[in-house]
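The analysis underlying the following values was restricted to heavy atoms, covering all of them including side chains, and did not include hydrogens, waters or symmetry mates. Throughout, protein chains are lettered first and strands after them, A, B, ... in sequence-line order, and every chain is numbered starting at 1.
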Amino acid sequence: MIGHIQELIENALEHLAAKGEFNLAEPPTINIERTRSKEHGDYASNVALALAKPLKMKPRDIAEKIIGALTETSHVEKVEIAGPGFINFYLTDACRLQVLKRILKLKHEFGNKKLDSDNQITVEFVSANPTGPLHVGHGRGAAFGSSLCNILKKVGYEVHAEYYVNDHGRQMDILATSVWLRYLELCGESITFPANGYKGEYIVSIARKIRQKFGDDLRFSKAEVFAQVSPDEPAGGDKEKHIDELVMNAKDILGKGYNKIFKTAMKNILTGIKNDLEDFNVYYDQWFSEKSLHEDDTIDRALAKLEAGGHLYKKEGALWFNATHFGDEKDRVVMRENGIKTYFASDVAYLMNKFERGFDKSVYVFGADHHGYIPRLKAATKALGFDADKIEILLVQFAHLFKGKEKLQMSTRSGEFVTLKELVSEVGCDAARFFYVMRSHDQHLDFDMDLAKSQSNDNPVYYIQYAHARICSIMRKLEEQNMTHNIEIGHVSVELLVEEQELDLIKALSQYPETVEKAAANFSAHPVANYLRELAQLFHSYYNAHQVQIDNENLRNARLNLCLATRYVLADGLALLGSSAPKEMRSEDKKTV
RNA sequence: GCGCCCGUAGCUCAGUGGAUAGAGCAACCGCCUCCUAAGCGGUAGGUCGCAGGUUCGACUCCUGCUGGGCGCGCCA
């Protein structure tokens with residue numbers, strides 16, 4: 001529709017230019033928007049205001065001339081000049097109503113777009129280290145990333161969702177060693193657990209599994225394990241040094257056994273993560289192993305490419321990338337003095353790998369605490385000779401978890417956190433998913449678990465789901481009233497929908513595609529959440545104001561068509577956000593209030 | 001100290017240059033003989049942190065100030 005109006009204005013301007021009324025050096029960009037209020041029609045253009053200066057004319061005079069030059073069209077009822085010089089377009093009823101037919105035909109495909117080119121996109125999100133279960137902090141990245149993938153798919157992208165698994169490096173060694181120490185405790189060794197080890201209960205549970213499988217095969221005495229290890233922090237030492245030496249001992253003593261523990265620990269945790277995400281309605285196309293970048297030659301090739309471009313140099317025994325040359329605040333080490341490649345080197349390799357796979361766009365969803373990585377990733381992209389505009393880094397701000405007024409804290413290392421699993425089992429997947437994305441991802445979020453759980457009108461997700469369930473209920477109960485729904489009769493009777501609430505609802509339905517498009521264009525999800533809320537509200541108002549199950553067959557079918565169209569859009573929108581659209585909502589403990 | 005993000009109603013937040021700044025919650029007043037009251041209608045609530053600037057027009061863009069969050073490792 002916007003395109004249609006744009007054409008009208010363009011033609012009018014050309015016409016006026018040809019007649020010599022307007023003297024324009026270049027055609028102006030024509031901006032057409034939905035009006036915010038009904039009194040301003042359906043669409044409005046500010047073109048007359050924008051032309052006021054170059055034409056040296058009054059905006060309202062320009063608007064008048066443009067309107068005079070517009071060609072007739074069946075879609076537009078009337079055109080008005082308003083305010084300082086806006087041109088407001090009022091659509092004909094027929095034009096407004098035709099969206100219902102469209103929705104009933106397309107169903108959940110209403111709003112789908114096709115992209116012919118530049119449609120390959122990868123979205124990487126969560127990518128938490130497999131050193132423990134996901135907690136509620138990861139939940140927001142998961143909910144947002146997954147919803148974003150759904151939205152991007154809807155507007156025509158071929159989306160490739162990836163989880164980058166950090167299965168390589170020091171943290172994983174600390175994990176394996178932590179598990180081993182717990183295992184030794186289970187074997188009866190009395191050891192002092194390191195300050196820097198992973199302390200969660202899940203570590204003990206993995207240790208238990210290892211003991212079941214391997215018995216005492218991996219047992220060594222406390223004296224051997226702690227041989228020549230410098231003191232831990234509580235004993236006045238350095239906790240980092242302490243744990244690193246423990247890791248070294250573990251590898252020496254255990255030999256091949258170390259790898260068994262390492263693999264069992266990682267597999268357990270990764271499986272847990274996968275399960276938690278699936279229970280959260282989050283799915284990936286690929287679990288990308290960091291280790292694989294080491295095992296094939298990707299890292300070496302990436303570094304070689306940087307080297308060839310003259311972007312690497314040696315300093316104090318380490319190998320550096322001159323990131324400052326590309327706008328970063330300091331240069332970054334890619335290989336340490338001890339010959340070990342840094343995590344950043346893997347990042348560069350992974351980045352290159354994404355470009356090599358030919359994605360038109362690579363989206364990274366990071367926690368806000370990683371914002372310092374943006375300049376260095378962009379720098380690496382440029383240094384590798386790729387287009388930095390092809391990577392899009394989105395920051396997801398922290399979610400503060402509340403139970404009513406009480407703020408809950410979390411920390412992985414101490415093992416004291418609310419896991420995603422716990423959250424989902426407590427408030428349910430639907431509410432959790434919705435709460436995480438109902439605010440802009442770059443905004444801090446207060447997540448109130450009590451509110452998410454509450455079966456009340458405070459809870460927006462139930463509010464939306466209830467609208468869907470109400471429609472299903474209307475359909476279900478038609479039979480009891482000896483009534484039927486005939487879509488064709490509804491189509492031909494559509495002009496009977498004249499009530500204010502009906503027209504408002506229809507207008508909102510027609511805005512669904514542009515809402516999704518806007519969300520996709522901005523790489524955001526919350527506009528969809530807001531939209532669904534508004535749509536549900538319009539439906540509830542309508543439901544209260546007018547009866548659908550009525551004897552008048554034509555009007556009834558027209559209204560049923562409207563209800564059904566609303567149901568499709570509600571269900572599709574909820575699906576984009578990873579929430580379900582129940583056919584029924586019942587509450588036992590809500591009966592008497 | 002440097003960098004990034006944020007400051008909108010009592011609270012939580014929408015509003016990526018346009019018309020009278022909007023929701024929800026909380027508060028107050030109403031509505032079930034009627035398709036689910038997890039609902040609806042109404043009232044009240046604002047110097048858009050402060051000060052300049054750009055513009056026909058600024059909550060929106062720029063600069064400074066102020067308050068809050070986060071980050072600044074040869075850690076991952």
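- Taking the nucleotide of RNA chain B with the nearest heavy atom to each of A:Asn129 and A:Thr35, the more 5' of the two is matched to A:Thr35.
- Between A:Asp167 and A:Lys263, none of the side-chain N atoms (NZ, or NE/NH1/NH2) sits under 4.0 Å from a carboxylate O, so this pair counts as no salt bridge.
- For A:Phe539 and A:His468, the ring centers sit 6.0 Å or farther from each other.
- When rounded to the nearest whole Å, the span between CZ of A:Arg376 and C1' of B:rC74 equals 13 Å.
- The distance between atom CZ of A:Phe366 and atom P of B:rC4, rounded to the nearest whole Å, is 18 Å.
- Taking the centre and axis of the six-membered ring of A:Tyr543, the NZ or CZ atom of A:Arg470 falls inside the cone set by 45° and 6.0 Å.
- In this structure, A:His540 reaches the sugar-phosphate backbone alone: every heavy-atom distance under 4.0 Å involves primed, P, OP1 or OP2 atoms, never a base.
- Here, B:rC29 and B:rG17 have their C1' atoms 40 Å apart, quoted to the whole Å.
- By the 5.5 angstrom centroid cut-off and the 30-degree plane limit, A:His370 is classified as not stacked against the base of B:rG71.
- Looking at heavy-atom distances under 4.0 Å, A:Asp244 makes no contact with the nucleic acid at all.
- Using a cutoff of 4.0 Å between basic side-chain nitrogens and carboxylate oxygens, A:Glu80 and A:Lys78 are scored as salt-bridged.
- The residue A:Gln481 sits apart from the nucleic acid: no heavy atom pair falls under 4.0 Å.
- Atom CZ in A:Phe434 sits roughly 11 Å away from atom C1' in B:rG24 (whole-Å rounding).
- Taking the six-membered ring for Trp and the full ring otherwise, A:Tyr512 and A:Tyr531 have centroids separated by under 6.0 Å.
- Backbone-only contact: A:Gln537 has heavy atoms under 4.0 Å from sugar-phosphate atoms and none from a base.
- A:Lys314 comes within 4.0 angstrom of no nucleic acid atom, judged by non-hydrogen atoms across all strands.
- For B:rC74, neither phosphate oxygen OP1 nor OP2 lies less than 4.0 angstrom from any side-chain nitrogen or oxygen of A:Arg332.
- Nucleic acid contact class of A:Ala82 (heavy atoms, under 4.0 Å, all strands): base.
- Shortest non-hydrogen contact noted between A:Pro130 and A:Val165 is CG-CG1, 3.9 Å.
- Across all strands, A:Arg170 comes closer than 4.0 Å only to sugar-phosphate atoms, never to a base (heavy-atom distances).
- Atom P of B:rG42 sits at a distance of 35 Å from the matching atom of B:rC6, rounded to the whole Å.
- When heavy atoms are screened at a 4.0 angstrom cut-off, A:His371 is found touching base atoms of the nucleic acid.
- Applying the 4.0 Å criterion to OP1 and OP2 of B:rC34, one finds that A:Gln549 has every side-chain N and O outside that range.
- Going from atom CD of A:Gln501 over to atom C1' of B:rG41 covers 11 Å, rounded to whole Å.
- Contact check on A:Arg376 versus A:Glu329 returns no salt bridge, with no Lys/Arg side-chain nitrogen under 4.0 Å from an Asp/Glu carboxylate oxygen.
- With hydrogens and angles ignored, a donor-acceptor pair closer than 3.5 Å exists between the side chain of A:Asn46 and the base of B:rG18.
- In this structure, CG of A:Asp331 is placed 11 Å from P of B:rC74, rounded to the nearest angstrom.
- Taken residue by residue, residues 524-531 of chain A places heavy atoms nearer than 4.0 Å to RNA chain B at A:His526, A:Asn530.
- Using a 4.0 Å heavy-atom distance criterion, A:His441 is classed as making no nucleic acid contact.
- Atom name C1', nucleotides B:rG52 and B:rC13: the rounded distance is 29 Å, in whole Å.
- Electrostatic pairing of A:Arg170 and A:Glu240 counts as a salt bridge here, judged by a charged N lying under 4.0 Å from a carboxylate O.
- Distances shorter than 4.0 Å separate some side-chain N or O of A:Arg336 from OP1 or OP2 on B:rC75.
- If you check every strand for non-hydrogen atoms under 4.0 Å, A:Glu39 touches a base.
- Residue contacts for A:Ala368: at a heavy-atom cut-off of 4.0 Å it reaches the sugar-phosphate backbone alone, with no base atom in range.
- Distance from the side chain of A:Lys477 is smallest for B:rC35 among the nucleotides B:rA19, B:rC35, B:rG39.
- Counting only Watson-Crick and G-U wobble pairs whose two key distances fall under 3.5 Å, RNA chain B forms stems of three or more stacked pairs at B:1-7 with B:66-72, B:10-13 with B:22-25, B:27-31 with B:39-43, B:49-53 with B:61-65.
- The aromatic rings of A:Trp320 and A:Tyr313 sit parallel, their planes meeting at an angle under 30°, below the 60° perpendicular limit.
- Rounded to whole Å, atom P of B:rC75 lies 11 Å from atom CD of A:Glu337.
- Listed nucleotides B:rC35, B:rG15, B:rA38 differ in distance to A:Tyr462; the shortest reach to its side chain belongs to B:rA38.
- Rounded to the nearest Å, the gap between the C1' atom of B:rC34 and that of B:rC40 is 14 Å.
- Lacking a ring centre under 5.5 Å from that of the base six-membered ring together with a plane angle below 30°, A:Phe86 does not count as stacked on B:rG18.
- At the heavy-atom level, A:Ser37 lies nowhere under 4.0 Å from the strands shown.
- In this model, the phosphate group of B:rG41 is approached by a side-chain N or O of A:Ser541 to a distance below 4.0 Å at OP1 or OP2.
- Here A:Tyr542 does not reach the OP1 or OP2 of B:rG41: none of its side-chain N or O atoms lies under 4.0 Å away.
- Separating the P atom of B:rG1 from that of B:rA44 is a span of 47 Å, rounded to the nearest Å.
- Judged by distance alone, the side chains of A:Arg336 and A:Thr342 never bring a donor and an acceptor atom under 3.5 Å apart.
- A straight line from CZ of A:Phe435 to P of B:rC25 spans 12 Å, rounded to a whole angstrom.
- Screening A:Gln537, A:Gln501, A:Glu502 for a side chain to side chain donor-acceptor pair (under 3.5 Å) with A:Tyr542, the sole residue that qualifies is A:Glu502.
- Residue whose closest nucleotide on RNA chain B sits further toward the 5' end, between A:Glu33 and A:Ile550: A:Glu33.
- Here A:Ala44 lies in heavy-atom contact (under 4.0 Å) with a base.
- Looking at A:Asp61 and A:Lys65, no side-chain N of the basic residue comes within less than 4.0 Å of a carboxylate O on the acidic one, giving no salt bridge.
- Separating the CG atom of A:Leu49 from the C1' atom of B:rA19 is a distance of 10 Å, rounded to the nearest angstrom.
- Between A:Lys341 and B:rC74 there is no side-chain polar atom (N or O) within less than 4.0 angstrom of OP1 or OP2.
- If you look at A:Phe125 and A:Tyr163, their ring centroids are not closer than 6.0 Å.
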